[in-house]
Enquirer: 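So that we are looking at the same thing, I have put the structure below in structure tokens.
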Amino acid sequence: MASGDDSPIFEDDESPPYSLEKMTDLVAVWDVALSDGVHKIEFEHGTTSGKRVVYVDGKEEIRKDWMFKLVGRETFCVGAAKTKATINIDAISGFAYEYTLEINGKSLKKYMENRSKTTNTWVLHMDGENFRIVLEKDTMDVWCNGKKLETASFFQGSILKMGTGTHCTQGRACGIQHTSHKEPLATSFPELGKGFSP
């Protein structure tokens with residue numbers, strides 16, 4: 001069974017779009033980190049009625065109130081990129097069930113292991129604001145606080161030192177630069193008011 005923090009976090013005293021008191025059949029909660037942010041997936045399963053309800057970030061995505069088959073799967077999309085997610089419901093003994101989450105056809109664990117190889121994520125604190133920056137290394141796409149940024153690639157170098165990178169703006173000039181295949185990716189955030197110069 002999945003575990004996680006069952007109490008949602010709401011800023012500015014906003015009331016939640018749903019109430020945990022009404023979620024009497026809540027059986028699993030997962031936090032899934034994607035390029036556009038961390039998404040909370042919650043699953044209700046009524047083991048007598050077969051009811052299945054899937055919430056993504058507090059928004060109801062699927063509701064099936066009466067199901068005769070208590071095992072099966074529910075498929076839905078998560079995040080801005082409409083990433084495919086599937087909850088598998090399997091009987092393990094008697095009336096006990098196991099709930100597993102797949103992302104893009106892989107178990108959540110395998111997906112996150114693969115994702116750690118194909119992305120770099122930084123959380124920066126500038127001018128009293130937090131910025132979550134994600135670089136997708138396979139596509140060179142850059143995300144900032146849930147929004148995909150327009151980027152421009154550059155190449156610089158000589159025989160002694162070569163580098164590639166991406167620069168973008170999100171109210172400020174910023175850049176991500178890779179200077180050799182042996183060195184890790186590094187971020188460059190110049191002082192405010194100055195542009196990024198590769």
Side-chain angles (χ1 to χ4, degrees), residues 2-5 8-11 28-42 56-59 61 75-87 100-198:
S3 63
D5 183 6
I9 299 170
F10 301 100
E11 297 177 10
V29 178
W30 298 272
D31 290 320
V32 181
L34 300 176
S35 293
D36 65 335
V38 179
H39 300 277
K40 181 173 279 221
I41 298 172
E42 297 168 294
V56 177
D57 298 326
K59 181 181 174 219
E61 293 294 322
T75 301
F76 52 97
C77 293
V78 179
K82 303 283 185 207
T83 303
K84 179 182 169 186
T86 301
I87 296 174
T100 56
L101 180 66
E102 293 178 359
I103 304 292
N104 281 342
K106 297 178 184 161
S107 71
L108 180 59
K109 182 180 178 184
K110 287 270 187 216
Y111 177 81
M112 296 311 287
E113 286 171 0
N114 184 56
R115 185 162 174 73
S116 70
K117 296 173 189 171
T118 61
T119 63
N120 277 54
T121 303
W122 299 271
V123 177
L124 306 172
H125 186 76
M126 296 189 309
D127 298 330
E129 233 181 305
N130 285 326
F131 295 90
R132 182 178 184 270
I133 311 288
V134 178
L135 168 67
E136 295 178 352
K137 292 188 262 187
D138 53 348
T139 62
M140 294 303 288
D141 288 338
V142 178
W143 294 74
C144 179
N145 292 348
K147 293 189 171 110
K148 187 174 173 183
L149 303 180
E150 292 295 321
T151 61
S153 296
F154 64 86
F155 175 80
Q156 67 179 17
S158 65
I159 289 181
L160 298 176
K161 183 177 178 184
M162 298 185 115
T164 60
T166 301
H167 72 272
C168 51
T169 57
Q170 176 71 10
R172 313 177 157 74
C174 61
I176 302 170
Q177 185 173 350
H178 182 230
T179 56
S180 81
H181 69 281
K182 293 181 183 177
E183 296 175 18
L185 291 168
T187 59
S188 171
F189 290 88
E191 294 175 8
L192 293 176
K194 295 182 181 177
F196 177 78
S197 55

Enquirer: Got a second to check how far S107's OG is from M112's CE, nearest 0.5 Å?
Expert: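 S107 OG to M112 CE: 11.0 Å, rounded to 0.5 Å.
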
Enquirer: Nearest 0.5 Å, please: how far is CG in N120 from CD1 in I133?
Expert: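 Reported value, rounded in 0.5 Å steps: 12.0 Å.
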
Enquirer: Would you say I41 and I87 make side-chain contact, with heavy atoms under 4.5 Å?
Expert: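 Yes, close enough: below the 4.5 Å cut-off.
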
Enquirer: Taking all non-hydrogen atoms of both residues into account, name the closest pair between C144 and L149 and its distance.
Expert: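 Where C144 meets L149 most closely, the heavy atoms are CB-CD1, 3.7 Å.
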
Enquirer: I need the K40 NZ to D57 CG distance, nearest 0.5 Å.
Expert: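 Answer for the NZ-CG pair, K40 versus D57, is 9.5 Å.
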
Enquirer: Drop me the distance from E42's CD to D31's CG, to the nearest 0.5 angstrom.
Expert: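 That separation rounds to 9.0 Å.
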
Enquirer: I want to check something: taking the side chain as every heavy atom from C-beta on, are L135 and K137 in contact at a cut-off of under 4.5 Å?
Expert: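 Side-chain contact under 4.5 Å: yes.
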
Enquirer: State, yes or no, whether a side-chain contact exists between Y111 and L34 at a heavy-atom distance under 4.5 Å.
Expert: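 Yes - at least one pair of side-chain heavy atoms lies under 4.5 Å apart.
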
Enquirer: Would a 4.5 Å heavy-atom cut-off, applied to side chains only, mark W143 and E136 as touching?
Expert: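 The answer is yes, as the side chains (C-beta and beyond) meet within the 4.5 Å cut-off.
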
Enquirer: Would you give the length of the straight line joining atom CD of E102 to atom NZ of K110, rounded to the nearest 0.5 angstrom?
Expert: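 The CD atom of E102 sits 13.0 Å away from the NZ atom of K110.
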
Enquirer: Between R115 and A33 (side chain of the first, backbone of the second, donor and acceptor by atom type, cut-off under 3.5 Å), is there such a pair?
Expert: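 A pair under 3.5 Å: yes.
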
Enquirer: Can you see which heavy atom on L101 is nearest to which on A85, and at what distance?
Expert: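 That closest heavy-atom pairing would be CD1-CB, 4.3 Å.
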
Enquirer: Grab the two heavy atoms, one from H39 and one from D36, that are nearest each other, plus how far apart they are.
Expert: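 Heavy atoms only, the tightest pair is NE2-OD1, 2.9 Å.
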
Enquirer: CG/N114 to OG1/T119 distance, rounded to the nearest 0.5 angstrom?
Expert: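 Those atoms lie 9.0 Å apart.
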
